[in-house]
Structure formats: C-alpha cells, structure tokens
Amino acid sequence: MEKPRIILLGAPGSGKGTRAVALCEVLGIPQIATGDLFRKNLKEMTEIGKIAKGYIDRGELVPDEVTAAMLKDRLAQPDAKNGFVLDGFPRSVKQAEILDKLLAESGEKITSVIYIKVDDEEIVSRLTGRMICSKCQAPYHVRDHKPAKDGVCDKCGGELIVRDDDKPETIRKRLKVFHDVTFPLVEFYSARGLLAEIKSETSARGINADMKDLSKKLGFIA
Ligand code: AP5
C-alpha cells in the first residue's frame, strides 16, 4: 500500500487543522502545518519568525523561499518518511510546483488532495469563535467545539488562546488571498485526478468518524 502523502486544501478556517488532527490519528502519520511551524518560530523569536511576523499579521503569504526552506527541513525529519498530512502548504500553483520538486528528490509524490469546501460567512463565524492551544496548537471553538475544561486543551493541558490574525479585517484579507492565489489549486490537482472534495457540514465533533470513512475510501486503511 502506498504511503499516504496527503494535502488538505481549503480557505482559512475551513477546518484543515481540525481534520488534519483527526486524519493523523487514524493513519498514524504526522501533521505538517506551515502556519503552526510559523507560530512556533514566532514564539521562539527565530529569524524565520521575525521575517514571517509582518506577513502573518497582515494576512498575507510569507515569501515562498522562506516557507519552502522551512518545509524542506520538516519533510526531512524521520517521522515524515512514513507519510504525512500537509495542512497549509501548498497555497499557490508555484508552491505546488516547489513541492513536486522537493518530493521528487526522494522519489516521492502526493497521493491525495482533500479539498474542504465551506462558505465565506461560515468561515467568518468559525474564526471569530476559535481558540487554539498555546502548546500543541489544537483548535477549539467557543460554541461548536468546546474543551472539556474551560480554557484548557483536552489533549495536552495547554492554555487556550485567540490567534492574533483572527481579527475581522485580517480574516477578510486572508479570505481574499485564498480566492485569488490558493483556489486555482483545486483545478490544478483535479486535472491530475488527485482531488477529493468534502463539504464541511459535519460538526467538529463528527469529524473523527468522517476521516476514518474517507481514509477507507482513499484506500489508506482496510
Ligand atoms: P494557517 O495557520 O495555515 O492559517 P489558515 O490557512 O488561515 O487556516 P486556519 O489555521 O486559520 O484554519 P483551518 O482551516 O486550519 O481551520 P481550523 O481547523 O482551525 O496560516 C497562518 C498564516 O501563516 C497565513 O495567513 C500566512 O501568512 C502564513 N502561511 C502559512 N502557510 C503558508 C504558506 N504555505 N505560504 C505562505 N504563507 C503561509 O478550524 C477553524 C475553527 O472552526 C476552529 O475553531 C474549529 O474548532 C472550527 N471548526 C472546524 N471544523 C468545524 C466544523 N465542521 N463545524 C464547525 N466548526 C468547525
């Protein structure tokens, strides 16, 4: 069976992170989220973090050379050799081409692309209620996906916080970038026969079962 090398594609707030966590649990492979990697760099005030900060605060994409170098390092870690779920990369056709080249260096390629389709109004409502864990970055929601204990992550006990880029004006800018620059990837991967589209109607609570069904359908588990 081919190792699952999966891309989760979708607008900001469409639920990529939520689904990635569930999918990685089902398949026993790591989630590689460029947004999470940037936030870790920001927290540790690394060179990458310093460069990325302004772009992230404005809701713009961080330049490709910075993002691709960070991704290359992460893909070279031993745990990525058994497959991975990419969440937040690629975000443009140019980045998809960079990814193809990176994977080809070790004879690998993407096996599936899951596109999560959600209306913009739903996205705004989700992002304005989002909280994330300050330690492991797992996402929660004040209405639809509450932690068992207020303000505390169910998975690692970390403190829940609101992301700086979840302000209404930054959300609008991130959505525009998605429609202008990222959405063409739907056609790009569809033309390669790799795209599976899901509508994000299931509430966050039903996602684990959803991801198990999808993994079976894609042939990654029996
Ligand atoms: P990143 O962190 O990747 O942000 P994003 O793509 O904008 O996506 P989000 O993390 O906001 O949302 P999500 O789709 O993961 O949704 P979630 O599961 O949290 O990137 C941040 C920034 O970093 C970018 O703006 C850019 O500057 C930079 N960057 C990152 N990658 C880059 C790249 N490749 N190139 C250049 N720059 C890059 O869900 C959202 C909320 O909804 C949660 O509260 C959740 O609980 C809730 N929810 C989820 N599913 C459901 C459901 N089915 N029903 C109800 N509620 C739900």
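First listed ligand is number 1; within each ligand, the first listed atom is number 1. Predicted model only: the values in this text are computed from it and were never measured. As a basis for the values below, the full set of heavy atoms in this structure was taken, side chains included, without hydrogen atoms, waters or symmetry mates.
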Review point. Side chain, backbone, both or neither: which part of H145 has a heavy atom under 4.0 Å from ligand 1?
Key: side chain

Check your understanding: Taking the non-hydrogen atoms of R163, is any one of them nearer than 4.0 angstrom to ligand 1?
Key -> yes

**Study point:** Contact partition for S92 relative to ligand 1, non-hydrogen atoms under 4.0 Å
**Key:** neither

Check your understanding: Does K94 pair with E97 as a salt bridge, N-O distance under 4.0 Å?
Key -> no

Practice item. Could you tell me whether K199 and D119 make a salt bridge, using a distance below 4.0 angstrom between a side-chain N and a carboxylate O? Key: no

Check your understanding: What atoms of ligand 1 come closer than 4.0 angstrom to any heavy atom of G17?
Key -> 13 (P), 15 (O), 18 (O)

Practice item. Measure from the side-chain N and O atoms of S190 to the backbone N and O of E187, and report whether any donor-acceptor pair falls under 3.5 Å. Key: no

**Study point:** Part of Q95 with heavy atoms under 4.0 Å of ligand 1, whether side chain, backbone, both or neither
**Key:** side chain

Exercise for review: Report the C-alpha separation of M70 and N41 in whole Å, then their side-chain angles, then the decisive distance to 0.1 Å, and conclude whether the side chain to side chain contact (heavy atoms under 4.5 Å, CB included) test is met.
Suggested key: CA-CA 10 Å; M70 183 179 72; N41 276 282; 3.9 Å; yes

Check your understanding: Looking at D36 and K40, does any basic side-chain N land under 4.0 Å from a carboxylate oxygen?
Key -> no

Exercise for review: Provide the number and element of each atom of ligand 1 under 4.0 Å from a heavy atom of P139.
Suggested key: 18 (O), 19 (O)

Check your understanding: Is any N or O atom of S14, backbone or side chain, closer than 3.5 Å to an N or O atom of ligand 1?
Key -> yes

Point to revise | Proximity winner for atom 24 (C) of ligand 1, if only heavy atoms of E122, R91, R174 are counted | key: R91

Exercise for review: Give the atoms of ligand 1, by number and element, whose distance to some non-hydrogen atom of E60 is under 4.0 Å.
Suggested key: 26 (C), 27 (O)

Check your understanding: Between I56 and ligand 1, which part of the residue brings a heavy atom under 4.0 Å of the ligand: side chain, backbone, both or neither?
Key -> both

Exercise for review: For residues 103-147, pull every pair meeting ring-ring contact (aromatic ring centres under 6.0 Å, His included), keeping only residues two or more places apart or in separate chains.
Suggested key: Y140-H145

Review point. With atoms numbered from 1 as shown, which atoms in ligand 1 lie under 4.0 angstrom from a non-hydrogen atom of T18?
Key: 17 (P), 18 (O), 39 (O), 45 (C), 49 (C)

Practice item. Return yes or no for this condition: an N or O of G15 is under 3.5 Å from an N or O of ligand 1. Key: yes

**Study point:** Exceeds 12 heavy-atom contacts within 6.0 angstrom, atom CZ of F183
**Key:** no

Point to revise | Test side chain to side chain contact (heavy atoms under 4.5 Å, CB included) applied to Q31 and L8, D87, L86, the passing residue | key: D87

Check your understanding: Can you get from Y55 to V66 by hopping between Ile, Leu, Val, Met, Phe, Trp and Tyr side chains that sit under 4.5 Å apart?
Key -> yes

**Study point:** Enclosure of D150 CG (heavy-atom neighbours >12, cutoff 6.0 Å)
**Key:** no

Point to revise | From D144 atom CG to T18 atom OG1, the distance as rounded to the nearest 0.5 Å | key: 10.5 Å

Exercise for review: Return each pair, listed once, that meets side chain to side chain donor-acceptor pair (under 3.5 Å) where at least one residue sits in residues 98-114; pairs must be two or more places apart or across chains.
Suggested key: D100-R192

Check your understanding: Does some non-hydrogen atom of G13 fall short of 4.0 Å from ligand 1?
Key -> yes

Revision key, fill the gap. The atoms of ligand 1 lying under 4.0 Å from a heavy atom of T34, numbered in the order shown, are 30 (C), 31 (N), 32 (C), 34 (N)

**Study point:** Check ion pair K167-E169 (N to O, under 4.0 angstrom)
**Key:** no

Exercise for review: Check whether any heavy atom of G129 sits under 4.0 Å from an atom of ligand 1.
Suggested key: no

Check your understanding: Which is closest to atom 55 (C) of ligand 1 in terms of heavy atoms, R126, K53, M70?
Key -> R126

Review point. Does T67 approach ligand 1 within less than 4.0 angstrom via side chain, backbone, both or neither, non-hydrogen atoms only?
Key: side chain

Practice item. May I ask whether G10 has any heavy atom positioned less than 4.0 angstrom from an atom of ligand 1? Key: no

Practice item. Under 4.0 Å from a heavy atom of D144: give me the atoms of ligand 1 that qualify, with their elements. Key: 55 (C), 56 (N)

Study note, to complete from the structure: Near R39 (heavy-atom distance under 4.0 Å), the atoms of ligand 1 are 2 (O), 21 (C)

Review point. In terms of atom number and element, which parts of ligand 1 are under 4.0 angstrom from non-hydrogen atoms of G88?
Key: 31 (N), 32 (C), 33 (C), 34 (N)

